[in-house]
Colleague: 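Quick one: structure below, then a few questions.
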Amino acid sequence: SIPDGADIFVDEEFAGNTPSAIKISSGKHVIAVKKSGFQDWVRTMSFNGGSITLNAERVRGTANVK
């Protein structure tokens, strides 16, 4: 994420901090990247196995972006 050091949540469960490599089961999941002072980055995504790279670039502020 930009900036580094944000919290990663998968289906509302804490999964680590950025940058990280996290294993996620196949299926639909809600991925959120949050850091104090920045807007939340939240996406619903479908995973089919393998690996992907996400770039969660966030904007300063307090309003949530979905």
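In what follows, residues are counted from 1 in the order of the sequence shown.
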Colleague: Which heavy-atom pair separates Gln39 from Arg60 by the least distance, and what is that distance?
Modeller: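 Minimum heavy-atom separation between Gln39 and Arg60: NE2-O, 4.1 Å.
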
Colleague: Answer yes if Met45 and Ile8 sit in the same cluster of Ile, Leu, Val, Met, Phe, Trp and Tyr residues linked by side chain heavy atoms under 4.5 Å apart, and no otherwise.
Modeller: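 Cluster IDs for Met45 and Ile8 match.
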
Colleague: Please table the atom pairs, donor to acceptor, closer than 3.5 Å between any side-chain atom in residues 21-28 and protein atoms at least two apart or in another chain.
Modeller:
residue, atom, partner, partner atom, Å
Ser25, OG, His29, NE2, 3.4

Colleague: Please report the shortest heavy-atom distance between Asn55 and Trp41, naming the atom on each side.
Modeller: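 Smallest heavy-atom distance, with atoms named: O-NE1, 4.2 Å.
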
Colleague: Measuring from atom NZ of Lys34 to atom CZ of Phe14, what distance do you get when rounded to the nearest 0.5 angstrom?
Modeller: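 Going from the NZ atom of Lys34 to the CZ atom of Phe14 covers 11.5 Å.
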
Colleague: Taking all atoms of both residues into account, what is the closest heavy-atom pair of Pro3 and Thr18, and its distance?
Modeller: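 Result for this residue pair: O-OG1, 4.1 Å.
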
Colleague: So which atom in Val33 and which in Ala56 form the shortest heavy-atom distance, rounded to 0.1 Å?
Modeller: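 Result for this residue pair: CG2-CB, 3.9 Å.
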
Colleague: As a test of understanding, state which of Ile31, Asp11, Val30 forms a side-chain contact (heavy atoms from CB on, under 4.5 Å) with Thr44.
Modeller: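 Single side-chain contact (heavy atoms from CB on, under 4.5 Å) partner of Thr44 among Ile31, Asp11, Val30: Val30.
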
